[in-house]
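To start, the structure itself, in structure tokens.
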Number of protein chains: 2
Amino acid sequence: MTTSAAAPTRRDQILKEAARLFAERGFHGVGVDEIGAAVGISGPGLYRHFAGKDAMLAELLVGISGRLYAGGRKHVEAAAGDPAALLDRLIDGHIEFALDDRDLIILHDRELDRLRDSDRKLVRQLQRQYVELWVDAVRQLHPQALEPQVRTAVHAVFGLLNSTPHLSRRATLPGRAAMAALLRRLAHGALAAVTPY
Amino acid sequence: MTTSAAAPTRRDQILKEAARLFAERGFHGVGVDEIGAAVGISGPGLYRHFAGKDAMLAELLVGISGRLYAGGRKHVEAAAGDPAALLDRLIDGHIEFALDDRDLIILHDRELDRLRDSDRKLVRQLQRQYVELWVDAVRQLHPQALEPQVRTAVHAVFGLLNSTPHLSRRATLPGRAAMAALLRRLAHGALAAVTPY
DNA sequence: ACGAGACGTTAACGACCACTAACAAAGATC
DNA sequence: GATCTTTGTTAGTGGTCGTTAACGTCTCGT
């Protein structure tokens, strides 16, 4: 056994399966009995671990938003004022998330409105702060670009990087390394075009 | 029974409002009573115009997929063998769809799995054919690029162009013309980077 | 040993919801 | 002017689903 994350606790199992099912069939399209069956217990047994179905979704979305933002802040520190290096790191970090946590990437922008007001506000705030990290980095590299355009471009690049879940599983896809390299090139190519020339 | 074209018929009203509501709160998150109320009639009154809730979603998704593919084919003819011109047209056409039919763009990749098998197969086929138009165009411009990479890149550009629905409505956004111009630049920038150099 | 708490189970309740039944009014058709 | 079609209404039905209640069992700490 290596570092952290000893045995996956039952809570973690539930969260993982819930994420998969929510991403597959939508929050309203999945019943608690299904989630329970996916971890080998029966529907109401879930309530020993979560206050309700909403609580599972909330924990998933707050979790992914928080980790994304935390990762972004780490990159800001590590890049230490070099905007080009910072952008490289942000892109690579986001690609890692997109390739590793496909289910959460889907839920992240699809089921946000199913949250209680307070949770939704928190997730939105984390998202906004994460976007702000990107916008600042891009604006340093493109000082003459207008702020609304930069913001739009950043959202567009998120759409680009988050596109991997939409790929059909049957098709022959590039391997993980090739996929990461391709997405990196595409993202850089797109962002290089925020300013007309 | 023929095609209806002139004045917005009640069917069209229903489809438009259903699209808006489905995009806002998800297929399972909207009740038939809500859809009815949005067009001024009450829930069960909808069944004079559609066989059921599923039928509305099916018609929306088949419709958008068909129009996208038909538009793509039109561009192939109009470009007449010039791959650069073809790609320009495909990008511009897709941007028009993304800006005009935000709701349908959302539904298009979000609620596909709620369809009956036969409808889902049809939509998937139309989507696949549309993608193929793009892949062919890009491969002509980048003959040395591997096919899986091109396919992935095309999907990624779709994600980029379809990102406009995710923009918060409160923020100051570029106007429609500026938005279209920006998306066009970003898409071209990304696709120019499918080949390493 | 022996409670105590953690972790499950099945049964039932209450709300919601897509859909159907039965009925009514306005216009077109003959 | 009688009737059929179109388009709507309200009331009800069957099923699904999230959640709670009541009840077992297994594992420990003391």
Side-chain angles (χ1 to χ4, degrees), chain A residues 6-61 107 111-120, chain B residues 1-61 107 110-120:
Chain A
T9 164
R10 169 110 321 169
R11 259 183 83 90
D12 297 335
Q13 288 179 44
I14 295 172
L15 283 175
K16 189 180 163 192
E17 294 302 314
R20 185 177 57 81
L21 290 167
F22 289 161
E24 255 178 30
R25 298 209 284 284
F27 180 68
H28 289 299
V30 180
V32 289
D33 289 352
E34 278 178 283
I35 303 174
V39 297
I41 69 180
S42 225
L46 296 171
Y47 287 77
R48 297 286 172 201
H49 304 274
F50 293 93
K53 215 175 94 169
D54 304 341
M56 301 179 205
L57 183 64
E59 190 154 330
L60 286 171
L61 293 191
L107 293 179
E111 308 284 0
L112 181 58
D113 296 326
R114 276 53 146 185
L115 258 50
R116 283 173 27 230
D117 275 19
S118 62
D119 290 323
R120 191 172 56 245
Chain B
M1 48 167 75
T2 57
T3 59
S4 53
T9 164
R10 167 116 313 172
R11 259 184 83 89
D12 298 334
Q13 289 179 44
I14 295 171
L15 282 176
K16 188 179 163 193
E17 295 302 313
R20 184 177 58 80
L21 290 167
F22 289 161
E24 255 177 31
R25 299 208 283 284
F27 180 69
H28 289 299
V30 179
V32 289
D33 290 351
E34 279 178 283
I35 303 174
V39 297
I41 70 180
S42 225
L46 297 171
Y47 287 77
R48 296 290 172 196
H49 304 274
F50 293 92
K53 216 175 92 169
D54 303 341
M56 302 178 204
L57 183 65
E59 190 154 330
L60 287 170
L61 293 192
L107 293 180
R110 184 170 299 193
E111 308 283 0
L112 180 58
D113 295 327
R114 276 51 144 187
L115 257 49
R116 282 174 24 229
D117 275 18
S118 61
D119 292 322
R120 191 172 56 244

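Only this structure's heavy atoms are used, side chains among them; waters, hydrogens and symmetry mates stay out.
- Of the inter-residue distances, the one linking B:Glu111 atom CD with B:Leu57 atom CG reads 6.5 Å to the nearest 0.5 angstrom.
- Residues A:Leu21 and A:Ile35 have side chains in contact (heavy-atom distance under 4.5 Å, counting atoms from C-beta outward).
- Rounded to whole angstrom, the span from the CE atom of A:Met56 across to the P atom of D:dG18 amounts to 9 Å.
- From B:Lys53, atom NZ reaches atom CZ of B:Phe27 across 4.5 Å, with rounding to the nearest 0.5 Å.
- Both A:Arg48 and A:Val30 lie near DNA chain D, and the one whose nearest nucleotide falls closer to the 5' end is A:Val30.
- Interface limits on DNA chain C: the 5'-most and 3'-most nucleotides within less than 4.0 Å of chain B heavy atoms are C:dA18 to C:dC23.
- Atom-to-atom, CZ of B:Arg11 to C1' of D:dG8 comes out at 17 Å; the value is rounded to the nearest Å.
- For the residue pair B:Thr9 and B:Arg11, no side-chain donor N or O sits within less than 3.5 Å of a side-chain acceptor on the partner.
- When side chains are defined from C-beta on, A:Leu46 counts as touching A:Met56, because their heavy atoms get closer than 4.5 Å.
- In this structure, A:Pro8 and A:Gln13 approach most closely via the heavy-atom pair O-NE2, 3.9 Å.
- Here D:dC17 presents its P atom at 17 Å from CZ of A:Arg114, a figure rounded to the nearest Å.
- Across the protein-nucleic acid pair, B:Leu46 atom CG and D:dT7 atom P stand 13 Å apart, rounded to whole Å.
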